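For reference, the structure discussed in these notes is given below.
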Amino acid sequence: MHHHDQSCMDPNTINAHVLISATGHDGPFGAFCVKRAESIGLLTKREAMRGLDMNKAEDAIVKSAREIIPGLVVGGMELAEVDGANRMGATFGGVVMSGVKAAEEALNIFDTRKKQNDESY
C-alpha cells in the first residue's frame, strides 16, 4: 500500500508466462494488476465500475474474462474495473465461473504460444 511513499521496500517479482488476476473490485488490494497496468501505461482505457445490477454483472464478467494485456488474464470483479461492468452484490456464482473462464483463457494462450513456438523451429 506504500509503493509511492516508501523506497525501502524490497521488490517482489512474479515470473510467469501468464498471470491470472482476479483480486476483486477497487479497494486497498483490489484491482491491483489493473491499477498498476494503468499507472505504467500498459492499459490505456479503464472504465469506472457501474452500480449494482446482479443480472447484468454476472454475465458481463463471465463472458469477458480475457487477456487484457499480453500475459495478463483478468477475471471476476477486477474485470469490472476494466470494462465498467456493474457491481454484483452478494451473488458470487458469476465470480467463480469467471475464474473458470480465465483459467480456460490462460490454457488457450499456452496452447497458442506452444503452437507458434513449435512452428518456428
Side-chain angles (χ1 to χ4, degrees):
M1 291 177 64
H2 294 283
H3 289 291
H4 300 293
D5 63 3
Q6 290 184 354
S7 62
C8 61
M9 296 174 65
D10 290 332
N12 295 314
T13 62
I14 297 172
N15 296 307
H17 295 286
V18 177
L19 174 71
I20 298 174
S21 185
T23 60
H25 55 75
D26 199 2
F29 298 108
F32 175 80
C33 287
V34 168
K35 290 187 290 188
R36 186 70 175 145
E38 180 184 40
S39 74
I40 63 175
L42 293 175
L43 184 63
T44 57
K45 182 182 177 190
R46 182 171 160 222
E47 300 289 332
M49 187 171 30
R50 295 187 183 108
L52 175 68
D53 188 333
M54 290 176 273
N55 295 322
K56 290 182 181 177
E58 290 207 11
D59 285 344
I61 65 166
V62 173
K63 291 178 182 174
S64 300
R66 66 188 184 283
E67 186 178 39
I68 61 166
I69 57 175
L72 178 60
V73 176
V74 176
M77 291 311 294
E78 185 168 8
L79 187 60
E81 294 289 339
V82 176
D83 294 340
N86 294 91
R87 292 185 64 89
M88 287 180 42
T91 46
F92 293 103
V95 173
V96 172
M97 293 307 299
S98 182
V100 170
K101 173 92 181 327
E104 291 170 348
E105 291 292 319
L107 291 172
N108 287 337
I109 291 165
F110 279 121
D111 288 345
T112 300
R113 290 184 183 158
K114 184 177 184 324
K115 287 177 188 172
Q116 290 171 346
N117 288 337
D118 288 346
E119 291 172 3
S120 66
Y121 287 109

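In what follows, every heavy atom counts, from backbone to side chain, and hydrogens, waters and symmetry copies are set aside. Not measured: the values here are computed from a predicted model.
Contact record, Thr23 with Phe32: OG1-N, 3.3 Å, taken as the closest heavy-atom pair. Taking both residues in full, the closest heavy atoms of Ala37 and Ile69 are given as CB-CD1, 4.1 Å, listed atom of the first, atom of the second, then distance. Considering every non-hydrogen atom in both Ile61 and Gly76, the closest pair reads CG2-O, 3.6 Å. Residues Ser21 and Leu72 share a closest heavy-atom pair of CB-CD1, 3.9 Å. Taking all atoms of both residues into account, the shortest heavy-atom contact from Thr44 to Gly41 is CG2-O, 4.2 Å. The shortest non-hydrogen separation linking Ala65 to Ala102 is CB-N, 3.9 Å.
Taken to the nearest 0.5 Å, the CZ atom of Arg66 stands 15.0 Å off from the CG atom of Asn108. Considering OG1 of Thr112 and CG of Leu107, their distance stands at 10.5 Å, rounded to 0.5 Å. Atom CG in Leu43 sits 11.0 Å away from atom CD in Glu81 (nearest 0.5 Å).
No side-chain heavy atom of Met97 sits under 4.5 Å from any side-chain heavy atom of Glu58.
Under the 4.5 Å side-chain heavy-atom criterion for ILVMFWY residues, no single connected hydrophobic cluster contains both Val96 and Ile20. Using a 4.5 Å cut-off between side-chain heavy atoms of Ile, Leu, Val, Met, Phe, Trp and Tyr, with links allowed through other members, Val73 and Val100 fall into different hydrophobic clusters. Under a hydrophobic clustering in which Ile, Leu, Val, Met, Phe, Trp and Tyr are joined whenever their side-chain heavy atoms come within less than 4.5 Å, directly or via other members, Val95 and Met49 fall into the same cluster.
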Evaluate Val34 against Ile68 for side chain to side chain contact (heavy atoms under 4.5 Å, CB included), listing each step before the verdict.
CA-CA 9 Å; Val34 168; Ile68 61 166; 4.2 Å; yes

Step by step, would you call Val74 with Cys33 a side chain to side chain contact (heavy atoms under 4.5 Å, CB included)?
CA-CA 9 Å; Val74 176; Cys33 287; 5.6 Å; no

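Between Lys63 and Asp83, none of the side-chain N atoms (NZ, or NE/NH1/NH2) sits under 4.0 Å from a carboxylate O, so this pair counts as no salt bridge.
Residue pairs meeting the salt bridge (charged side-chain N to carboxylate O under 4.0 Å, His left out) criterion with at least one member in residues 67-80, sequence neighbours excluded, are Glu67-Arg113.
Judged purely by atom type and a 3.5 angstrom limit, Asn86 has no side-chain atom pairing as donor or acceptor with the backbone of Leu52.
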